[in-house]
Amino acid sequence: MKNSSNSSSDNTGSGNISKLDKTPVILIADDDPSMRLVLRHSMEQSGYHVIEAANGLEALQAAIRQIPDLILMDAVMPEMDGFRATEEIKKITDCTDTPILMATSLDDDRSIARAFEVGACDYVTKPFNWSVLKHRTSRMLFAADAERKIRHLAYHDALTGLPNRMLFMDRIDQAISRAQREKGQFALLFLDIDHFKVINDSMGHAAGDQLLNVVSQRLIEVLRKTDTIARLGGDEFTIIIEDLEEAESVVLVAKNILAMLDKPVQVNEKEVHIGGSIGIALYPQDGENFGTLLKHSDTAMYRAKELGRQTFQFYADEMSQKAMQRLDLENQIRSALKNEEFTVYYQPKVNLVSGQCQGMEALVRWQHPEKGIITPDDFIPLAEETGLIIQLDEWVMRTACDQFKKWKSAGYPINNLSVNVSARHFKEGGLLKHCKKVLDDIDISPKFIEIELTESALVDNYKSAKEILTEIHQMGIRIALDDFGTGYASMSYLKEFPFDTVKLDRSFVQGLPDNVEDAAIVKAMIQLAEALKLNMVAEGVETEQQKYFLADHCCAYGQGYLWSKPIPAEEFEKIYFK
Ligand code: C2E
Ligand code: CA
Ligand code: CA
């Protein structure tokens with residue numbers, strides 16, 4: 001076989017290309033000890049290492065243990081004959097290509113045909129012609145070695161000796177089968193060396209090759225033996241990480257690889273600094289075959305590059321992208337709390353008969369440094385889910401109470417401040433203590449303060465909510481049921497909880513006065529509130545007609561764009577306390 005003239009083939013990283021580089025191991029299976037002795041002598045003379053087996057079964061065991069380079073197999077043996085043993089040995093994964101030379105005294109056609117059938121490469125007849133035997137074994141070893149080399153070249157990268165794309169595809173298929181069987185998952189990492197092209201162009205291809213060899217060597221060191229590392233070409237490496245208990249453990253692998261790339265590399269007696277970008281695709285969620293997984297890990301790798309290199313990225317389909325955005329938003333809310341990016345807007349609550357502003361609802365806003373004002377619908381749900389709402393609500397209550405106290409002290413004619421309180425407070429407790437603390441710190445009478453809750457906050461935490469609200473109510477703080485009419489069991493809740501106010505949901509006000517159904521419902525709700533001696537605030541009043549309808553039917557208060565959107569404190573002051 002021709003040798004590759006490529007200068008870089010010296011640096012083949014993997015020492016596995018030629019088995020002839022080491023002493024070939026010959027397994028001699030014969031039940032006749034004196035025959036084994038002579039064969040051993042002859043083979044050792046040819047420079048081979050010999051192992052022996054006294055029957056087919058022993059030969060099978062020896063093959064599993066030592067994976068010989070060639071087997072000299074006697075046909076007729078006790079326990080297990082040579083034909084059976086050959087058949088069994090061929091089933092061993094590592095021995096499928098091991099040449100087996102059947103030694104037989106039977107030179108009848110049937111036996112010879114059988115020898116080939118079970119997988120023998122060739123046969124020799126006893127008594128041996130020693131010269132023929134020597135030539136035959138030597139030729140078979142040479143052929144097997146050549147075949148191995150060809151296969152290695154076909155499946156490995158000539159520069160680094162790592163598996164190439166062909167073998168990698170094969171390994172992915174195997175990993176998929178295993179993952180399917182074991183209901184497991186695996187990760188495909190796509191690694192691209194940062195700035196490789198610059199080094200290759202400025203220092204020459206030999207330097208580039210050297211660098212790639214160092215990287216592949218380091219990859220082998222940093223990864224487990226069970227992980228497959230391949231070079232797809234250029235400066236692109238791919239890695240399969242199996243036995244992933246959780247997707248997160250691949251993060252550790254990616255970090256290790258990046259840390260190893262961060263160390264300088266010695267090329268042409270110069271120290272060069274490289275780095276890498278890694279994209280990660282997970283089986284099965286990011287793709288179910290080689291092509292998709294590779295494409296997605298590649299996409300993720302590009303995203304990692306965009307993010308500034310020396311970093312990794314998971315392939316994010318829409319789902320995981322959403323999850324990442326959420327995580328991002330969560331972190332942003334956290335730092336927004338720390339950096340005091342939140343602010344409170346106020347919306348007037350108006351007496352429908354006198355037209356006077358009698359109080360206001362505090363509504364939180366996020367003053368995002370880049371995105372500007374963000375309304376609560378875009379962050380409250382996540383803040384609730386993560387529990388950050390507790391901190392946020394407490395901050396809003398404190399800020400709003402502080403503002404209210406200032407207005408009150410300035411003599412403005414207001415008597416009510418509403419703050420919204422999330423359901424989360426009833427799961428975690430602490431609301432009562434917090435209310436007390438705020439009122440104490442700010443020194444404000446509880447009778448001015450009203451907390452607003454939705455029915456859903458109460459449904460899930462019926463018992464604790466009832467206890468907490470009863471205590472808060474006993475302190476003198478007023479309690480309002482928000483979004484009234486949209487809940488489930490309004491009637492019974494209205495009686496059982498210590499409400500002072502119900503806020504008629506905007507969706508019923510919208511259809512007034514023309515929508516007959518809405519009109520009927522609103523009328524009934526006003527009557528119900530009246531019967532239960534509850535204050536009624538209609539939300540979302542946008543038109544004069546809505547206001548008249550509500551006033552005509554004895555709804556006491558209204559809130560809505562008709563008077564004002566929620567606005568900052570200074571604006572509120574200008575409009576209402578001129
Ligand atoms: P909500 O408590 O029902 O507040 C009323 C919402 O209706 C406010 O939306 C307000 O801007 C809007 N609105 C008022 N009048 C009109 C109108 O005439 N037309 C229309 N189309 N909308 C009107 P916002 O400020 O975006 O707040 C949304 C929700 O976020 C609030 O609904 C409340 O559930 C929640 N929220 C706001 N601030 C806080 C807070 O500090 N803590 C908690 N836990 N939730 C808050
Ligand atoms: Ca509210
Ligand atoms: Ca509401």
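One-based numbering along the sequence shown. Just so you know, these numbers come straight off a predicted model, no measurement behind them. Order of listing sets the numbers, starting from 1, for every ligand and every atom in it.
- Heavy-atom separations between Glu361 and ligand 1 include at least one value shorter than 4.0 Å.
- At a heavy-atom cutoff of 4.0 Å, ligand 1 is contacted by no atom of Thr454, backbone or side chain.
- Within a 6.0 Å sphere centred on CD of Gln356, heavy atoms belonging to other residues, nucleotides or ligands number 12 at most.
- Residue Leu562 does not touch ligand 1, judged by heavy-atom distances below 4.0 Å.
- The distance criterion of under 3.5 Å between nitrogen or oxygen atoms is met by Glu542 with respect to ligand 1.
- For the pair OD2 of Asp482 and OE2 of Glu361, the angle at the Ca ion (ligand 2) is about 180°; rounding is to 10 degrees.
- A side-chain N or O of Thr501 and one of Glu450 form a donor-acceptor pair less than 3.5 Å apart.
- Here atom 43 (C) of ligand 1 lies nearest to Asp393 when heavy atoms of Leu453, Asp393, Asp378 are compared.
- Ion pair Glu306/Arg303 not flagged as a salt bridge, since none of the NZ, NE, NH1 or NH2 atoms sits closer than 4.0 Å to an Asp/Glu carboxylate oxygen.
- Both tests pass for Lys565 against the ring of Tyr561: distance under 6.0 Å to the centre and angle within 45° of the axis.
- Residue-level proximity to ligand 1 for Asn420 is carried by backbone and side chain together, each with a heavy atom below 4.0 angstrom.
- Checking His273 against Asp262 by side-chain atom types alone, no donor-acceptor pair falls below 3.5 Å.
- Of the candidates Phe342, Phe379, Tyr345, Tyr561, Tyr561 brings a heavy atom nearest to atom 13 (N) of ligand 1.
- Residue contacts with ligand 1: Arg365 is placed with a nitrogen or oxygen under 3.5 Å of a nitrogen or oxygen of the ligand (distance criterion only).
- With a heavy-atom cut-off of 4.0 Å, Glu384 does not touch ligand 1 at all.
- The Ca ion (ligand 2) has an N, O or S atom of Asn420 closer than 3.0 Å.
- Numbered from 1 in the order shown, with element, the atoms of ligand 1 that lie under 4.0 Å from a heavy atom of Asp483 read 3 (O).
- Residue contacts with ligand 1 for Gln347 involve side-chain atoms from C-beta outward but no N, CA, C or O (heavy atoms, distance under 4.0 Å).
- Open room surrounds OH on Tyr302; 12 or fewer heavy atoms of other groups in view lie less than 6.0 Å from it.
- Under the 4.0 Å criterion applied to side-chain N and carboxylate O atoms, Arg506 and Glu542 are not assigned as salt-bridge partners.
- Closest heavy-atom approach to atom 39 (C) of ligand 1 within the set Val364, Val344, Val541: this belongs to Val364.
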